[in-house]
Amino acid sequence: MNPKEYQHFYNKVGRLNGWDFSTLRVTVEGAAWNFSDQVKSWCRPADVLLDIGTGGGEALLALADSALLLVGIDQSEGMLETAAHNLGSSGRSNVRFLHMDAAQLHFPDAFFNVVTCRHSEFYAKEAARVLTKNGVFLTQQVSEGDKNNLKQAFGRGQAWNNEPGALKNRYAAELKAAGFARIQTFEYDATEYYHTAEDLIFLLKYTPIVPNFGHDEADFHILNRFIEEHQTDQGIRTHAKRFMIIAEK
């Protein structure tokens with residue numbers, strides 16, 4: 001999936017679903033952290049927080065009690081339409097959503113105490129610029145080895161055949177070059193059990209794990225075979241591989 005195709009996909013998903021996977025029935029074993037909890041642990045009541053690649057704003061709205069003001073940005077009009085709807089339904093008055101490119105943040109220097117980014121691209125120099133002295137940047141990203149058994153079954157996938165650890169190492173180096181004083185990296189590889197075929201199809205439909213899933217009828221034959229081979233008493237087995245970086249300015 002090239003950048004233009006991904007942008008179209010992301011915009012379409014934004015209007016249909018946002019970045020909301022709360023309806024998925026999945027059991028996870030071995031996750032080393034919850035990203036929202038990590039963000040909350042760094043927030044103080046008077047803080048101003050920026051969320052890069054906020055999607056439909058679901059995760060940011062859940063953090064609304066943790067900071068004075070929270071701003072979510074995204075490039076997708078579809079995602080922002082869903083974010084606006086979610087904001088209206090939430091009744092929150094301290095959350096804002098803006099259309100903005102992460103490569104060029106339209107905020108003053110040292111404006112935010114906390115900057116976060118979950119499963120989206122960011123630019124270390126811009127994140128550093130808008131952070132206050134002693135501010136913190138937290139990101140969680142999808143590792144190259146995520147859902148490997150699914151990618152192997154389909155013969156394609158997100159970061160398919162990319163070198164393990166390449167994205168983590170690149171981002172850590174960029175944060176160091178941007179002037180962050182203390183950079184910590186963490187990883188986990190958790191087992192996931194999707195309760196039904198419908199849950200797994202929802203995941204594939206609304207994420208780029210297997211690009212263009214369902215465009216070819218053969219995909220459903222592959223999926224059926226995958227389910228047969230990975231069905232357990234707990235559900236259909238795959239795994240979630242993630243890394244997190246916490247960088248202090």
Side-chain angles (χ1 to χ4, degrees), residues 18-22 24 26-74 79 83 86 90 92 94-97 102 105 110-124 126-128 130-147 165 167-176 178-192 207 239-249:
W19 217 231
D20 182 7
F21 297 94
S22 61
L24 273 183
V26 56
T27 300
V28 181
E29 295 179 350
W33 65 79
N34 176 285
F35 188 65
S36 291
D37 289 343
Q38 290 291 322
V39 174
K40 288 177 184 178
S41 73
W42 285 92
C43 288
R44 297 163 298 183
D47 281 350
V48 181
L49 181 150
L50 171 66
D51 186 41
I52 296 170
T54 199
E58 301 86 0
L60 187 62
L61 287 165
L63 295 170
D65 289 332
S66 301
L68 179 67
L69 175 66
L70 304 92
V71 181
I73 66 165
D74 207 288
M79 285 291 182
N86 289 337
S90 74
R92 296 290 186 176
N94 64 330
V95 180
R96 304 287 186 274
F97 293 110
L105 300 174
F111 189 77
F112 295 97
N113 308 99
V114 180
V115 176
T116 64
C117 177
R118 184 197 311 247
H119 303 182
S120 184
E121 189 174 23
F122 67 89
Y123 295 84
E126 278 295 271
V130 300
L131 268 172
T132 58
K133 184 179 179 181
N134 301 320
V136 63
F137 172 77
L138 302 96
T139 185
Q140 176 178 285
Q141 299 286 339
V142 178
S143 299
E144 292 84 357
D146 180 70
K147 306 292 186 300
L167 186 61
K168 181 193 71 174
N169 294 338
R170 190 193 106 201
Y171 277 152
E174 289 175 357
L175 288 163
K176 183 178 180 180
F180 284 90
R182 184 168 185 249
I183 300 167
Q184 301 177 78
T185 64
F186 309 86
E187 294 182 88
Y188 73 67
D189 193 347
T191 303
E192 293 183 327
T207 68
H239 70 118
K241 193 166 187 178
R242 302 284 184 266
F243 70 85
M244 178 172 64
I245 302 177
I246 301 176
E248 298 172 67
K249 192 174 175 186

Side chain to side chain contact (heavy atoms under 4.5 Å, CB included) between F243 and F186: does it pass, once the steps are laid out? CA-CA 5 Å; F243 70 85; F186 309 86; over 6 Å; no

Take L49 and L60 through the test side chain to side chain contact (heavy atoms under 4.5 Å, CB included) and record every step on the way to the result. CA-CA 9 Å; L49 181 150; L60 187 62; 3.6 Å; yes

Carefully, step by step, assess R96 and D51 under the rule salt bridge (charged side-chain N to carboxylate O under 4.0 Å, His left out). CA-CA 10 Å; R96 304 287 186 274; D51 186 41; over 6 Å; no

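- Put simply, the side chain of E248 never gets that close to the backbone of R182: no donor and acceptor are under 3.5 Å apart.
- Using a 4.5 Å cut-off on side-chain heavy atoms (C-beta onward), I245 and L138 make no contact.
- Contact check for L63 versus K40: side-chain heavy atoms found under the 4.5 Å cut-off.
- Ion pairing of K168 with E187 is present here, as a side-chain N (NZ or NE/NH1/NH2) and a carboxylate O approach within less than 4.0 Å.
- Side-chain contact annotation: T54 with D74, donor-acceptor N/O pair under 3.5 Å absent.
- In summary, E144 and K241 do not engage in a salt bridge, as defined by a charged side-chain N under 4.0 Å from a carboxylate O.
- Remark: the backbone N or O of A67 is paired with a side-chain donor or acceptor of N94 at under 3.5 angstrom.
- Applying the ring-ring contact (aromatic ring centres under 6.0 Å, His included) test to F111 and every residue at least two apart in sequence or in another chain returns nothing.
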Step by step, work out the side chain to side chain contact (heavy atoms under 4.5 Å, CB included) result for F137 and I246. CA-CA 6 Å; F137 172 77; I246 301 176; over 6 Å; no

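- K249 places no side-chain N or O within 3.5 Å of a backbone atom of G179 that could act as its donor or acceptor partner.
- Listed by chain and residue number, nothing satisfies the ring-ring contact (aromatic ring centres under 6.0 Å, His included) test with F97 (two or more places apart in sequence, or in another chain).
- A donor-acceptor contact shorter than 3.5 Å links the side chain of Q141 to the backbone of S120.
- For T139 (side chain) and C117 (main-chain N/O), a donor-acceptor pair under 3.5 Å exists by modelled atom type.
- Distance alone, capped at 3.5 Å, is enough to place a donor-acceptor pair between the D47 side chain and the R44 backbone.
- With Q140 as the fixed residue, the side-chain hydrogen bond (donor to acceptor under 3.5 Å, both in side chains) test singles out one of Q38, R118, H119: H119.
- For F122 and Y171, the distance between ring centers is under 6.0 angstrom.
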